[in-house]
Amino acid sequence: MRVALAYSGGLDTTVAVKWLREKYSAEVIAVAVDVGQEEDFEAIEERAIAAGSEKFILVDAKKRFAEEFISKCIMANGLYEGEYPLSTALARPLIAEEVAKVALKEGVDAVAHGCTGKGNDQIRMDASFSVLLPGMRIIAPIREWNLSRDQEMEYARKHGLPLNFRESRFSIDDNLWGRSIEAAELEDPWVEPPWEAFKYVAPPSRWPDEPEEITIGFEDGIPKSINDGKMDMLTLIREVNSMAGRHGFGIVDHIEDRVIGLKSREVYEVPAALTLIKAHMDLEKMALGRRFLEFKKLVDAKWADLVYSGLWHDRLREALDAFIEYSQEGLTGEVRVRFYKGSMRILGRRCERSLYSKELITYSRESMFDQRDGASFSKLWTLEMKLQKLAEMGWEKKRPKGA
Ligand code: ARG
């Protein structure tokens, strides 16, 4: 049997290589997909081969990830449960798609992934594989074998699998949009995550004493420049990640509801994702009307929910994306932000299609606003409330003027 395995180089997938060989005498093609995780892919290749893979294939998908997935997430202000920028969730359909392409090219008998049976990733990988490769057998060794992380480590040690066991105490998923950190002491929701768990966000001892400001330029809802310097999405995200991270901004620590019904404590470092989504939301407030914003919030939340739940290929997600894209027309402008000592603050914004009118809102004498209009407006605005009161008191009692 030949199997294409989505390989990350971590504990789960390395154990999976060995197990696929032992259990199924499988010939394993390890497929690593570069979605912007800053990893040494040569070392990953060596590990895949040392664990027993016949072949290692590296697919560079980071540009696609940035342009086709992350850009959508920014336009949708994608935050699951209002907190998590979906970094892991968003990459799964892309990773699965790239593995599926290899699977078709190599004519394999099955595809495999290293997800456990407790998480969301299994659902996302299964979903994408079954949509893209209908009828293909899917093997998930860790799930099938029902292994715990400790048992996996023991198995890896016993078979001399080449892993960094100190690092392996955390379960980490890393890509351009963010880094998810789980397991070990983080499983106690009361315990503060140790600073050593973070890779992009600096600890307080290294926070610069001087604040740093940048201007992020958006075109039709998509960030395109920093301080007037145009750059592609990949470079832009890297720049924001390192600047925000250097100042200690970008940690999310929240209690998350997994698809299968478990609550889990999740820790993320997502400096660029938080900065860009917050800046984008701010710009939307300049350009979209009140009812539009209200409605888009519902759409955004549904979008995040679908992506989180592994339903990327659902037509509803595509339909929501069409609405979202329409909503972004003319969302061209700039947002100025400052990073300082663990925080990010929006300092200013301007937008081409702004609904904000200084002439009308101003407190100064030049205001074009005719305040006399206000009186009739509030009379009608409160009409129904007054009628309610009348009904309560009995209509026969004195009717106030205007009701
Ligand atoms: N809870 C997050 C999600 O479902 C992160 C999962 C992290 N995956 C991992 N292998 N550590 O998207």
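Atoms within a ligand are numbered from 1 in the order they appear, just like the ligands themselves.
Taking only non-hydrogen atoms, the option from Tyr308, Tyr84, Tyr268, Tyr80 nearest to atom 12 (O) of ligand 1 is Tyr84. Between Pro85, Ala91, Ser180, it is Ser180 that holds the heavy atom closest to atom 5 (C) of ligand 1.
A pairwise comparison of heavy atoms in Ser128 and Pro93 identifies OG-CA, 3.5 Å as the closest pair.
By the 6.0 Å contact criterion, CZ on Arg317 is enclosed, its count of non-hydrogen atoms from other residues, nucleotides or ligands being greater than 12.
Defined by atom type and a distance below 3.5 Å, a donor-acceptor pair is present between the side-chain atoms of Glu22 and His159.
For ligand 1, the atoms closer than 4.0 angstrom to any heavy atom of Arg124 are 3 (C), 4 (O), 12 (O). Listed by number with element, the atoms of ligand 1 under 4.0 angstrom from any heavy atom of Asn120 are 3 (C), 4 (O). For ligand 1 and Glu266, the ligand atoms under 4.0 Å from any heavy atom of the residue are 1 (N), 2 (C), 5 (C). Listed by number with element, the atoms of ligand 1 under 4.0 angstrom from any heavy atom of Ser171 are 9 (C), 10 (N), 11 (N).
Residue-level proximity to ligand 1 for Asp121 is carried by the side chain, the only part with a heavy atom below 4.0 angstrom. At a 4.0 Å heavy-atom cut-off, ligand 1 touches Glu256 through the side chain alone.
Because its NZ or CZ atom is both nearer than 6.0 Å to the ring centre of Tyr308 and within 45° of the ring axis, Arg124 counts as a cation-pi partner of that residue.
A side-chain contact (heavy atoms from CB on, under 4.5 Å) with Lys296 is found for exactly one of Glu284, Met281, Met75, namely Glu284.
With Thr332 contributing its side chain and Asp220 its backbone, the two residues share a donor-acceptor pair below 3.5 Å.
Ring to ring, Phe170 and Phe198 are not that close: their centroids are 6.0 angstrom or more apart.
When hydrogens are left out, the protein atom nearest atom 9 (C) of ligand 1 is Glu182 OE1, 3.6 Å; that is the closest non-hydrogen contact.
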